[in-house]
Every structure is written in structure tokens, then in C-alpha cells.
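Heads up, the thing below is written out as C-alpha cells.
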Amino acid sequence: DFSGPAESTSFPLGSIIPIMASVVQKSHQPLLLLLEECVAATTPELHPESTMYPIISNKGCLLESVSSQSKFEPRQKSSEMRLSLQTFKFAMGEEVFIHCKLLAWDPNGLDSTKKACHFVKGHGWELLDDPMQSSICDCCSRTCNTRSKRGDEWESNGFRHTSVPKDWYSSQQIYDPVFKTYGLGDLQFTLGLMNDDFSGPAESTSFPLGSIIPIMASVVQKSHQPLLLLLEECVAATTPELHPESTMYPIISNKGCLLESVSSQSKFEPRQKSSEMRLSLQTFKFAMGEEVFIHCKLLAWDPNGLDSTKKACHFVKGHGPKDWYSSQQIYDPVFKTYGLGDLQFTLGLMNDDFSGPAESTSFPLGSIIPIMASVVQKSHQPLLLLLEECVAATTPELHPESTMYPIISNKGCLLESVSSQSKFEPRQKSSEMRLSLQTFKFAMGEEVFIHCKLLAWDPNGLDSIKKACHFVKGHGPKDWYSSQQIYDPVFKTYGLGDLQFTLGLMNDDFSGPAESTSFPLGSIIPIMASVVQKSHQPLLLLLEECVAATTPELHPESTMYPIISNKGCLLESVSSQSKFEPRQKSSEMRLSLQTFKFAMGEEVFIHCKLLAWDPNGLDSTKKACHFVKGHGWELLDNLALSNLCDCCESKCKSRRQRSVASEKHGMVQKAVIGPFTITDVNS
């Protein structure tokens with residue numbers, strides 16, 4: 001009952017742990033106490049290696065309330081917070097410590113980064129201190145961005161106390177400004193600035209732009225086994241302690257990768273001892289003329305335990321990453337053959353009819369470059385040759401700094417076919433691919449190299465990541481079908497099996513077709529979708545996706561604005577008065593769509609995917625959800641099942657695909673309304 005300290009520190013799985021946080025405010029203005037972040041861990045202090053479980057995150061969002069009975073209790077005082085935390089499967093039987101960041105703040109200064117939000121079943125995310133402002137919690141399902149802070153805000157608005165070290169630990173920060181030693185168990189870590197030959201501490205802390213800063217890190221290992229010292233992460237900052245608001249510049253990231261080595265002369269120096277690391281860091285443009293502090297995470301590790309998360313890597317010019325292999329590059333400049341096992345790959349420029357190598361390597365803009373790839377299969381089973389990725393570049397080897405232009409991407413999609421005459425030619429053999437590539441504006445007048453990844457694969461094993469696809473004008477991608485669009489500006493009916501779908505603009509009370517197709521900005525567009533079910537079982541009509549576009553057919557180049565997405569989530573309901581109206585029939589859907597700033601004064605078409613489905617088969621991918629201010633996402637057809645809408649701010653994942661024309665469950669139809677126009681009444 002929160003009346004006194006707990007008498008036991010053992011809690012059965014599923015039981016409630018009552019937790020109280022408070023602040024005594026002495027002479028300060030009255031402040032509201034908030035829990036900004038909380039994690040469970042198996043250690044009384046947090047280290048990078050600590051096993052952790054997030055409880056409160058994202059600036060005050062109680063994550064555990066989504067999937068359990070955890071909740072914030074109503075406040076008794078503004079200076080107190082009470083949390084009922086349902087126990088969860090974590091470190092069963094071990095000691096657990098809960099680490100929190102507590103924040104005392106101006107009660108009138110709540111926003112998306114200063115809040116206490118928990119998830120209420122059937123309603124969504126709710127603000128503890130004022131449910132009417134629960135929109136502040138909308139970001140709990142994504143990222144609650146931190147605004148920049150000025151120094152005077154700390155004094156005037158509140159104070160933060162961290163009962164656990166931050167992501168970066170003060171024991172690994174340079175306060176001296178040159179050198180510092182820290183103890184951790186029987187290890188002593190040292191990090192500091194050195195003179196040019198690393199023989200002693202730096203004599204100066206001022207470095208001209210482009211000069212080298214020698215930095216040494218070391219560990220004294222006393223009675224410990226011999227360890228290898230690593231620099232896991234390093235950032236430059238303008239503050240001696242790191243805060244979320246600190247201005248930072250990454251130097252080492254991604255578990256030991258010296259980012260600065262890619263674009264500068266920065267590098268790790270050869271080791272003199274396993275317990276030492278020497279870094280030559282070339283200065284860079286950051287906080288010029290100001291004091292700079294370098295914050296690092298030091299790691300002492302088993303020398304035989306190196307892996308992708310325990311390493312020290314720097315970029316050496318001329319070696320580069322191994323994403324692209326020299327064995328798949330054209331050096332000739334016309335033709336090259338490479339061996340791989342008992343396969344021999346060939347890639348090259350061809351003459352116009354692909355009958356032999358190109359006689360010239362100069363191509364006018366807009367002309368066609370014939371390219372052939374092939375594989376000789378010796379004793380191998382018959383294979384299908386595919387071009388998985390191709391880029392144009394100005395260098396014969398690819399580096400992170402290379403200027404590149406994508407040609408084939410996304411596991412076999414010929415991007416250039418969308419906006420040009422580029423295409424794959426019909427195959428003459430399964431072991432061959434012919435590409436007619438129309439030249440494009442890239443590195444005009446310079447040497448260009450085309451780098452490709454060639455793949456030889458089972459001809460019967462094609463799927464979405466093993467394919468050769470090009471765009472054919474007038475057919476387009478198969479997400480939206482031109483045969484399912486409305487060209488009458490107001491209303492249209494389509495047949496699919498024994499179902500007839502209708503989609504159209506309506507008058508204000510939905511009693512008949514719209515009399516006008518011009519709508520002032522901010523006004524409501526009534527839209528009705530319906531299905532006539534003839535001999536079919538009774539079905540529930542849903543709008544799965546809708547976008548506004550400026551074209552009566554959708555193409556990849558079409559300018560689009562999403563209205564309904566994520567399998568039935570009415571996105572426009574979050575920031576406007578758009579909403580689904582209550583159903584009159586299960587076979588009908590009424591949408592009141594508030595007009596928005598899009599293609600003002602132009603013709604607009606709304607393209608939708610209509611779905612007729614089993615009324616008892618609703619789930620997170622078969623639903624109609626709109627956002628209700630002060631409550632959150634609500635399911636149109638059953639408020640008690642509004643948790644089906646929880647994914648509207650993340651990703652509503654599709655289950656295993658069934659037939660799109662399933663007699664058992666339902667049918668899908670795509671349609672479009674338009675044209676209509678949105679006008680600005682003030683212009």
C-alpha cells in the first residue's frame with residue numbers, strides 16, 4: 001500500500017513490485033517528479049557489459065505497461081511517483097538492481113521529453129498527470145526527440161539526478177586535461193594526451209587543424225590475467241561530462257571501428273604492449289577554438305576472444321571494406337573473366353547486337369551500352385545467372401569515398417529501367433544475362449567503371465531476393481493495378497468474382513454522390529466504399545491502404561501523400577479531424593477526410609485497396625483504426641479490441657500470405673477516386 005519500505009526483497013514471477021521515488025524540495029519552487037529512464041540489471045553499477053532490461057524509456061514511457069499490468073499509480077504529491085511494476089522473466093533467482101534517472105521539473109513544462117506515460121488497455125498511451133494531454137505520449141511508440149537545451153533551463157526549470165552512470169562513465173573521462181588514472185577492481189586504466197613520440201604526457205593542449213593528437217590508453221593488470229586493451233567507443237564533446245544534450249562528434253564507434261581513419265590520416269599505431277593502445281588522431285573541424293573533451297569506453301579483454309564486438313579496426317587506403325570484390329570488377333576496360341571454384345564468371349561491354357566485345361568505350365549521352373555477364377559451369381549443375389547489384393563509379397575499386405550511381409539494387413531490380421530505356425534483354429542461355437543500359441548523367445567525360453555482384457543460382461529457386469526485374473512502361477509494379485482505378489471523377493463500381501466493389505465521393509450526409517469535386521482547404525471530403533456480396537458469405541469491408549496522388553494511375557514517380565497505411569490505420573486522424581464514421585452496414589465504410597495541403601489547385605486522385613473479410617477474422621493486419629484525441633488509437637468495429645491498433649505507430653506485420661482471392665476469408669480490390677481539387681479559400 002506504499003505506506004512504508006518493503007519487508008521482503010523476493011518477489012514471485014507475475015507479482016507486483018511497489019516502487020516509490022520522491023524528491024525533497026527544501027527552498028526550491030514546487031517541482032513535479034518524473035522517472036525519465038529505468039532499467040533492470042544484475043549489477044549495482046551499470047557497465048557496458050551489464051545485462052539490462054528496459055522498464056521506462058523514451059523520456060518517460062513505461063514500456064512494461066504495454067504487455068503487463070505495470071502502471072503508474074495516481075499521484076498523492078507532485079514530488080512523489082508511485083510505480084506498480086509487475087515482475088518479468090529476467091535474471092530469475094539472481095539479485096536484480098533497478099537503475100533510474102529521476103527528473104524534477106516545472107509542473108507546467110510537460111512535453112514529449114518531460115512526461116510520465118503508461119499504456120492503458122483499450123485506450124492507448126495515457127499521460128499520468130493530465131489524460132487530456134495524452135497526445136504528448138504519442139511518441140512512445142517511436143522516438144521522443146530531445147530538443148536542444150540552453151544552460152539557463154537547468155536553473156529555471158529543474159534538475160536531473162542520475163542514480164546510475166550515464167552511457168559514458170565519468171571514470172573514463174579526461175578532467176585533467178591531459179592525463180587521468182582510474183581504478184576498477186584490480187585494474188587501473190589510464191587515458192591521456194601524449195607528446196609526438198608517445199614517450200610522455202603532452203606539453204600543450206592546443207592543436208592546429210590537421211595536426212596529429214597522440215593519445216594513449218593503458219591498463220595496469222596487477223594480479224589479473226594478461227588482457228588486451230581496446231577502445232570500444234570514443235567521442236569528442238564540448239563538455240567534461242556527457243549529457244543527452246551534449247554536442248558530440250564520433251571518433252571510434254561500432255565496437256572498435258576508428259571512423260576517422262576513413263577520411264583522414266587517423267590510425268591506430270602498432271602495439272608495444274597488449275595492455276596499451278596508441279591512437280594518432282588527426283584533428284578535425286569541431287568546436288573550433290573551444291575546449292574539447294574526448295570521452296572513451298576502455299575495455300580490457302581476453303586476447304584470444306576477439307570478435308566483431310571486441311576489436312580494434314582502422315581503414316587503410318587501398319585495402320578498404322570487402323563488400324565489393326576486385327574479382328567482380330572490370331579492369332580491362334572491356335572484358336574480364338574471373339574464376340570461383342569450378343565456375344568462371346565473365347562481365348564485359350559488348351557491341352550493339354551482343355555478338356562480340358565492344359569496339360569503343362566511349363558512349364554518347366542517351367545511347368545504349370550493351371553489357372553481358374555469363375558463367376561457364378564446367379562440372380556444376382545448370383545454374384541461372386543473375387546480376388544482384390550494379391553501381392557505376394569513377395574508380396576501378398570501390399571505397400566508402402567512391403562517387404557511385406546505383407544501376408541494379410534491391411537484389412536484382414534494374415532501377416534505371418523506371419526512368420529510361422534500360423532493360424534486360426531476353427535470355428539466350430540460362431548462364432547468360434544481357435543488359436541494355438541507357439547512359440545517364442554521371443561523371444560526364446571521366447572514366448566510369450561498372451561494379452557488379454554476379455550470382456549463379458538454382459533456376460527453380462527464384463524468390464524476392466533472387467531475381468532479375470525491370471520496369472515495363474504501362475505495366476508498373478504490381479502493388480497497384482491500373483485495371484482497378486476509377487476514372488469517373490465521382491463514383492465507380494468494379495466486379496471481382498461474385499463481389500461488386502464501389503468507391504466514391506459523397507455529399508455531406510452520405511445520402512448520395514458528391515455534387516462538386518472542389519473542396520476548400522480544411523473542409524471534409526465524405527468518401528464511401530461498399531461491397532455488394534451476391535451469393536458470398538457476409539463480409540466486413542475494410543480500407544487497407546489509401547494514398548492521394550496527382551495521377552489517375554500510380555507509378556514509382558508519382559507524387560503521393562499517405563492517408564491510410566499500415567493495414568488499416570487512418571494516419572490523417574492523428575493530426576486532423578479525419579475519422580471513420582460509425583458503420584451503417586458491415587459491407588460499407590464511411591470516411592470523413594479533412595483536406596490537407598497537397599497539390600493545391602491541381603487534380604487529385606485517391607487510390608485505395610479495398611478488402612472484404614470475415615467479420616470474425618480481425619487482427620493487426622485486418623482492421624480499421626483511427627486516432628481519437630485523448631484516448632489514442634481505436635478500433636472502429638470493437639473498442640474492446642483496440643489493442644489491435646497498437647501497431648499503428650510501428651509496423652503492422654503481415655502474417656504468412658494467403659491467396660489474395662481466398663473464398664474462405666475474403667477478397668481484395670483496388671480502386672481510385674478522382675479527379676478532385678483542394679483550393680485555398682484565402683488566396
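Bear in mind the structure is a predicted one, so any value in this text is a computation, not a measurement.
Pro208 and Thr283 make their closest contact through O-OG1, 2.9 Å (heavy atoms, listed as atom of the first residue, atom of the second, distance). Scanning all heavy atoms of the two residues, the minimum distance from Met277 to Leu229 falls at CG-O, 3.3 Å. Pairing each heavy atom of Pro562 with each of Val547, the nearest pair is CA-CG1, 4.1 Å. For Phe519 against Ile524, the heavy-atom pair with the smallest separation is CD2-O, 4.1 Å. The two residues Ser65 and Trp125 have their closest heavy-atom pair at OG-CZ3, 3.9 Å.
For the side chain to side chain contact (heavy atoms under 4.5 Å, CB included) test, residues two or more places apart in sequence or in another chain that qualify with Ala91 are Thr42, Glu94, Val96. Remark: Asn254 pairs with Cys257 by the side chain to side chain contact (heavy atoms under 4.5 Å, CB included) rule, at least two apart or across chains. Taking the side-chain hydrogen bond (donor to acceptor under 3.5 Å, both in side chains) definition, one finds that Ser578 meets it with Ser576, sequence neighbours left out. The side chain to side chain contact (heavy atoms under 4.5 Å, CB included) test applied to Ser134 returns Glu126, Leu127, Pro131, not counting sequence neighbours. Partners of Asp307 under the side chain to side chain contact (heavy atoms under 4.5 Å, CB included) rule, at least two apart in sequence or in another chain, are Thr309, Lys310. Partners of Gln69 by side-chain hydrogen bond (donor to acceptor under 3.5 Å, both in side chains), not counting sequence neighbours: none found. Scored by the ring-ring contact (aromatic ring centres under 6.0 Å, His included) test, Tyr561 finds Phe596, Phe598 as partners (sequence neighbours excluded). Residues passing the side-chain hydrogen bond (donor to acceptor under 3.5 Å, both in side chains) test with His314: none are found, sequence neighbours excluded. Under the side-chain hydrogen bond (donor to acceptor under 3.5 Å, both in side chains) criterion, Thr9 pairs with no residue at all, not counting sequence neighbours. By the salt bridge (charged side-chain N to carboxylate O under 4.0 Å, His left out) test, Asp129 is found to be paired with Arg75, residues two or more places apart in sequence or in another chain being considered.
In this structure, the side chain of His99 engages the main chain of Thr43 through a donor-acceptor pair within 3.5 Å. The backbone N or O of Lys59 sits less than 3.5 Å from a side-chain atom of Glu37, completing a donor-acceptor pair. Looking at Ser79, its side chain never comes within 3.5 Å of a backbone N or O of Val24 through a donor-acceptor pair.
Cys139 is listed as a side-chain neighbour of Ser112, based on a closest heavy-atom distance under 4.5 Å. The shortest side-chain heavy-atom distance between Ile294 and Leu191 does not fall under the 4.5 Å cut-off. A 4.5 Å side-chain heavy-atom check between Leu193 and Ile215 finds at least one atom pair inside the cut-off. Arg590 has its side chain out of reach of Phe580: every pair of non-hydrogen atoms, C-beta onward, lies at least 4.5 Å apart. Counting heavy atoms from C-beta on, the side chains of Lys623 and Leu635 come closer than 4.5 Å.
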Inset, instruction - Dump the intermediate steps for side chain to side chain contact (heavy atoms under 4.5 Å, CB included) on Leu63 and Ile55, then the final yes or no. - result: CA-CA 6 Å; Leu63 306 182; Ile55 298 167; over 6 Å; no

Inset, instruction - Verify side chain to side chain contact (heavy atoms under 4.5 Å, CB included) between Leu570 and Leu591, making sure each step is shown before the conclusion. - result: CA-CA 9 Å; Leu570 178 55; Leu591 167 61; 3.7 Å; yes

Inset, instruction - Would you check, one step at a time, whether the test side chain to side chain contact (heavy atoms under 4.5 Å, CB included) holds for Glu260 with Gln282? - result: CA-CA 8 Å; Glu260 274 300 292; Gln282 188 174 29; 5.9 Å; no

Legend entry - Test side chain to side chain contact (heavy atoms under 4.5 Å, CB included) applied to Ile564 and Glu544, step by step: CA-CA 7 Å; Ile564 297 173; Glu544 193 174 63; over 6 Å; no

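Atom OG in Ser218 sits 7.0 Å away from atom CE in Met216 (nearest 0.5 Å). The distance from the NE2 atom of His631 to the OG atom of Ser135 is 12.5 Å, given to the nearest 0.5 Å. Considering CG of Leu540 and CH2 of Trp613, their distance stands at 11.5 Å, rounded to 0.5 Å. The structure places OG of Ser592 at 6.0 Å from NZ of Lys579, a figure rounded to the nearest 0.5 Å. Taking CG from Leu128 and CG from Leu34, the interatomic distance works out to 9.0 Å, rounded to the nearest 0.5 Å. Note that OG of Ser253 and NZ of Lys297 are 9.5 Å apart. Values are rounded to the nearest 0.5 Å.
Other residues, nucleotides and ligands contribute only 12 or fewer heavy atoms inside 6.0 Å of the CG atom of Asp508. For NZ of Lys77, the number of neighbouring non-hydrogen atoms (other residues, nucleotides, ligands) closer than 6.0 Å is 12 at most. In the displayed structure, Met92 atom CE is contacted under 6.0 Å by more than 12 heavy atoms of other residues, nucleotides or ligands.
The SG atoms of Cys38 and Cys100 lie less than 2.5 Å from each other. For the two cysteine residues Cys140 and Cys117, the thiol sulfurs sit 2.5 Å or further apart.
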